[in-house]
Novice: 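If you scroll down you'll find the structure; I have some questions about it.
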Amino acid sequence: MDFNNTKIAFQDKNNTDLNRATLLFRTMEKPWMVKTGKIMLQVALKTRFPIGWAMKPTIYRHFVGGETLEKCQPVVDRLAKSNVKSILDYSVEGTSTEQGIENALQETLNSIENAGKNENIPFAVFKPTAMIDTAVLKKISFNQKTTDDEKLQYKAFADRIDRLSAAAAKNKVRLLIDAEDYWFQDAIDHVVHEMMEKYNKNEVVVFNTLQMYRTDRLDYLKGLIARGREKHFYAGVKFVRGAYMEKERARAKEEGYPSPINPDKATTDKMYDDALRVSMENIDVLHLFNGTHNEDSSILLTELMAELGIAKNDKRVYFSQLYGMSDHISYNLAEAGYNVAKYIPYGPVRHVAPYLIRRAEENTSVAGQTGRELSLILKEKQRRKEL
């Protein structure tokens, strides 16, 4: 695989799109500008100062599909022309109130139904922490004593996940369940296992997400595969490197338990790639979703597929990157015939703002991420200039 073909990478971007992206990534190259922008945005959100006029034509347009499922459709249609599928992710920060949980549940059901009507949206996705008070998840995960009310809340949580899984199965949509903080994950994993056993008997509906910067996830993967073989269900696994590293390390130190995070990036990279190898060795009982912006891991998976004689468009293997990032990976893979889907956040500007702050911070902090995006955009602009 060659990810340097910028003509393919930016085939659906006009010059205005490239100019906007250039300005955006130049801004994100400067940590002080991102930090200042974050403070200004937080003040604006607290004071309810209008922010749409500034964000909608810039960072929102680059990283977000639209305010509603319907308003994302033009983006879905545009990506489909390049053989890139879409996954619409409701990126509104949830609340633990009864109404907040109900809103998240209904929106996820809507997204599943919407995906079922559109061949270019093969997956639906949701954050499990939007479906319950996280204090309950923490107690369950750490085997702490729970009240009768908390037990009922956890059962209600499991019932909601069951309802979403049933809707996905009915609409023939695959369901990605996001990973969360270490504090909450064991309680989530328990419910997801039950859903896999129930809904992944003949095909894969339910996917769990493994953050491979965690020290235990490779062993977890091997255990899940063994459990699938024993209980005769397919494992659905989405791989990511991880999103909460600094917070997880600080929390472990504060609470006095061993850090669940790998000591360095090299260890995480090796564990991620080993997980891909283990998955492909067990592809008869596992479907995998490779959610990474890492070129080496993406190339490795294409090589593993070739070695095993697995077709590029085999439905058991998907590649995915976030909308607005790593188009050189997504579009070149799609052009080569692999299954590719962009993760596309959606929601009202004000409510999606926290997500956008995280994206800006991630692009600033991840070594080389912004520089890589910017260099590819500038390379394509130069190519067009020379035509």
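Any value given below was found using the heavy atoms of this structure, including those in side chains, with hydrogens, waters and symmetry copies removed.
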Novice: Kindly say whether R383 contributes a backbone atom to a donor-acceptor pair with the side chain of K7 at under 3.5 angstrom?
Specialist: no
Novice: Should we count CZ of R20 as having more than 12 external heavy atoms under 6.0 Å?
Specialist: yes
Novice: Would the distance check show the side chain of E248 and the main-chain N or O of P260 forming a donor-acceptor pair, the cut-off being under 3.5 Å?
Specialist: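 Not a single qualifying donor-acceptor pair exists.
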Novice: Just wondering, do L210 and L224 contact through their side chains at under 4.5 Å, heavy atoms?
Specialist: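 A side-chain contact under 4.5 Å is absent here.
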Novice: For the atom pair CG (L333) and CG (N83), what is the distance rounded to the nearest 0.5 Å?
Specialist: 11.0 Å
Novice: Do L164 and M131 have side-chain heavy atoms sitting under 4.5 Å apart?
Specialist: yes
Novice: Do R241 and Y213 meet the cation-pi criteria used here (NZ or CZ under 6.0 Å from the six-membered ring centre, within 45° of the axis)?
Specialist: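 Verdict for Y213: no cation-pi partner in R241.
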Novice: Please round to the nearest 0.5 Å and tell me the distance separating atom CG of N110 and atom CG of L88.
Specialist: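 Reported value, rounded in 0.5 Å steps: 12.0 Å.
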Novice: Angle between ring planes, Y318 versus F289, binned at 30° and 60°: parallel, tilted or perpendicular?
Specialist: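 Rings of Y318 and F289: parallel, under 30°.
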Novice: With a 4.5 Å cut-off on side-chain heavy atoms, are I344 and L79 touching?
Specialist: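 Result yes, sub-4.5 Å side-chain heavy-atom pair found.
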Novice: Could you tell me whether R227 and E197 make a salt bridge, using a distance below 4.0 angstrom between a side-chain N and a carboxylate O?
Specialist: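 A salt bridge links R227 with E197.
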Novice: Measure the shortest side-chain to side-chain distance between N339 and K85 over non-hydrogen atoms and say whether it is less than 4.5 angstrom.
Specialist: no
Novice: Quick check: closest heavy atoms across F239 and M212, and the distance to 0.1 Å?
Specialist: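 Taking F239 first and M212 second, the nearest heavy atoms are CD2-SD, 3.9 Å.
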Novice: Ignoring hydrogens and angles, tell me if any N or O in the side chain of T209 forms a donor-acceptor pair with the backbone of I177 under 3.5 Å.
Specialist: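 A pair under 3.5 Å: yes.
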Novice: May I ask whether I161 and V136 are part of the same hydrophobic cluster, defined by side-chain heavy atoms of I, L, V, M, F, W, Y residues being less than 4.5 angstrom apart, directly or through others?
Specialist: yes
Novice: Take atom CG of N14 as the centre, draw a 6.0 Å sphere, and report whether it contains more than 12 heavy atoms from other residues, nucleotides or ligands.
Specialist: yes
Novice: Can N4 and K379 be said to form a side-chain contact (heavy atoms from CB on, under 4.5 Å), step by step?
Specialist: CA-CA 9 Å; N4 293 311; K379 180 182 175 183; 3.8 Å; yes
Novice: Testing the basics here: between N332 and A9, what is the closest heavy-atom pair and its distance to 0.1 Å?
Specialist: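 Minimum heavy-atom contact is ND2-CB, 4.2 Å.
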Novice: Are L376 and L18 grouped together when hydrophobic residues (ILVMFWY) are joined by side-chain heavy atoms under 4.5 angstrom apart?
Specialist: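 Yes, it is one cluster - the side chains of L376 and L18 are joined through contacts under 4.5 Å.
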Novice: Determine the minimum heavy-atom distance between Q321 and S330, stating which atoms define it.
Specialist: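 It is OE1-OG, 2.5 Å.
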Novice: Salt bridge check, K13 against E380: does any charged N sit closer than 4.0 Å to a carboxylate O?
Specialist: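 Salt bridge absent between E380 and K13.
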Novice: Side-chain heavy atoms under 4.5 angstrom apart, residues restricted to Ile, Leu, Val, Met, Phe, Trp, Tyr: same cluster for M271 and L286?
Specialist: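 Yes; L286 is reachable from M271 via cluster members.
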Novice: Would K127 and D89 pass as an ion pair if we require N to O under 4.0 Å?
Specialist: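 Salt bridge flag = no for D89 with K127.
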Novice: Treating S141 as the side-chain partner and A187 as the backbone partner, does any N or O pair qualify as donor plus acceptor under 3.5 Å?
Specialist: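 Indeed, once roles are kept as given, a pair shorter than 3.5 Å links the two residues.
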Novice: Please round to the nearest 0.5 Å and tell me the distance separating atom NZ of K201 and atom OH of Y234.
Specialist: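 If we round to the nearest 0.5 Å, K201:NZ and Y234:OH are 11.0 Å apart.
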Novice: Kindly say whether I261 contributes a backbone atom to a donor-acceptor pair with the side chain of S259 at under 3.5 angstrom?
Specialist: yes
Novice: Is it true that, when you exclude E119 itself, more than 12 heavy atoms of the residues, nucleotides or ligands shown sit nearer than 6.0 Å to its CD?
Specialist: no
Novice: Any side-chain heavy-atom pair from N282 and K222 closer than 4.5 angstrom?
Specialist: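 N282 vs K222: side chains apart.
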Novice: At what distance, to the nearest 0.5 angstrom, does CD of E230 lie from NE2 of H232?
Specialist: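 So the gap between those two atoms works out to 8.0 Å.
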Novice: Would you mind reporting whether S297 and D269 have side-chain heavy atoms less than 4.5 Å apart?
Specialist: no
Novice: Looking at side-chain heavy atoms only, is the closest gap between I140 and F157 below 4.5 Å?
Specialist: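 The answer is no, as the side chains (C-beta and beyond) never meet within the 4.5 Å cut-off.
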Novice: Do NZ/NE/NH1/NH2 and the carboxylate oxygens of R251 and E254 come within less than 4.0 Å?
Specialist: no
Novice: Give me the atom names and distance for the closest heavy-atom approach of H62 to G324.
Specialist: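 Residues H62 and G324, closest heavy atoms: NE2-O, 2.8 Å.
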Novice: So, does Y272 use its side chain to make a donor-acceptor pair with the main chain of N294 at under 3.5 Å?
Specialist: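 Answer holds: no.
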Novice: Is the ring pair Y220/H193 parallel, tilted or perpendicular, if the boundaries are 30 and 60 degrees?
Specialist: parallel
Novice: Should L23 and F63 be regarded as members of a common hydrophobic cluster, given that ILVMFWY residues are connected when their side-chain heavy atoms come within less than 4.5 Å of each other, either directly or indirectly?
Specialist: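 Not linked; separate clusters.
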Novice: With distance as the sole test, does Y331 use its side chain to make a donor-acceptor pair with the main-chain N or O of S326 at under 3.5 Å?
Specialist: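 The answer is no, because no donor-acceptor pair under 3.5 Å joins these two groups.
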Novice: May I ask you to decide whether R229 forms a salt bridge with D284, counting only side-chain N to carboxylate O separations under 4.0 Å?
Specialist: yes
Novice: Just so I know, are the side chains of T302 and F319 near enough to count as touching, which here means a heavy-atom distance under 4.5 Å?
Specialist: yes
Novice: Can you tell me how far the CG atom of L301 sits from the OG1 atom of T292, to the nearest 0.5 Å?
Specialist: 10.5 Å
Novice: So, D159 and K155, do they make that salt bridge, N to O below 4.0 Å?
Specialist: yes
Novice: Under 4.0 Å between a Lys/Arg side-chain N and an Asp/Glu carboxylate O for D12 and K81?
Specialist: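 So D12 does not pair with K81 through a salt bridge.
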Novice: Does Q106 CD have over 12 foreign heavy atoms under 6.0 Å away?
Specialist: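 Yes, the 6.0 Å shell around CD holds more than 12 heavy atoms from other groups.
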Novice: Could you tell me whether a side-chain N or O of Q185 sits under 3.5 Å from a main-chain N or O of E180, the two making a donor and an acceptor?
Specialist: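 Yes.
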Novice: Strictly distance-based, threshold 3.5 Å: is any side-chain N or O of D327 a donor or acceptor partner for the main-chain N or O of F10?
Specialist: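 Checked: no pair found.
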Novice: Please report the C-alpha distance between I101 and E98 in whole Å, then the side-chain angles of each, then the deciding distance to 0.1 Å, and finally whether the side-chain contact (heavy atoms from CB on, under 4.5 Å) criterion is met.
Specialist: CA-CA 5 Å; I101 291 170; E98 191 174 323; 6.0 Å; no
Novice: If you compare all heavy atoms of C72 against all heavy atoms of Y346, which two are closest, and at what distance to 0.1 Å?
Specialist: SG-CB, 3.4 Å
Novice: Would D133 and K139 count as a side-chain contact (heavy atoms from CB on, under 4.5 Å) here? Give the steps.
Specialist: CA-CA 11 Å; D133 182 347; K139 278 192 168 186; over 6 Å; no
Novice: Please check if atom NZ in K170 has more than 12 non-hydrogen atoms from other residues, nucleotides or ligands closer than 6.0 Å.
Specialist: no
Novice: Dump the intermediate steps for side-chain hydrogen bond (donor to acceptor under 3.5 Å, both in side chains) on E107 and N103, then the final yes or no.
Specialist: CA-CA 6 Å; E107 187 60 37; N103 290 345; over 6 Å; no
Novice: Treat each ILVMFWY residue as a node, draw an edge where side-chain heavy atoms are under 4.5 Å apart, and state whether Y257 and L137 are in one component.
Specialist: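 Result: yes, single cluster for both.
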Novice: Rounded to the nearest 0.5 Å, how far does CH2 of W183 lie from CZ of F142?
Specialist: 7.0 Å
Novice: For a side-chain hydrogen bond (donor to acceptor under 3.5 Å, both in side chains) check, start with the C-alpha distance between D162 and Y199, then their side-chain angles and the critical distance, and finish with the verdict.
Specialist: CA-CA 9 Å; D162 194 357; Y199 293 100; 2.4 Å; yes
Novice: Between R217 and D189, is there a salt bridge with N-O shorter than 4.0 Å?
Specialist: yes
Novice: State whether the side chain of K238 and the backbone N or O of D178 hold a donor-acceptor pair below 3.5 Å, judged by distance alone.
Specialist: no
Novice: Between L221 and S279, which heavy-atom pair has the shortest distance, and what is it?
Specialist: CD2-OG, 3.9 Å
Novice: Can you find a side-chain donor-acceptor pair between T267 and D264 that sits under 3.5 Å?
Specialist: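 T267 vs D264: donor-acceptor pair found between side chains.
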Novice: Are more than 12 heavy atoms from other residues, nucleotides or ligands located less than 6.0 Å from atom CZ of F3?
Specialist: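 More than 12 heavy atoms, drawn from other residues, nucleotides or ligands, come within 6.0 Å of this atom.
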Novice: Hey, is E113 close enough to K117 for a salt bridge, meaning N to O under 4.0 Å?
Specialist: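 Salt bridge: yes.
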Novice: Applying salt bridge (Lys or Arg N to Asp or Glu O under 4.0 Å) as the test, list every pair that has at least one member in residues 300-312; sequence neighbours left out.
Specialist: none
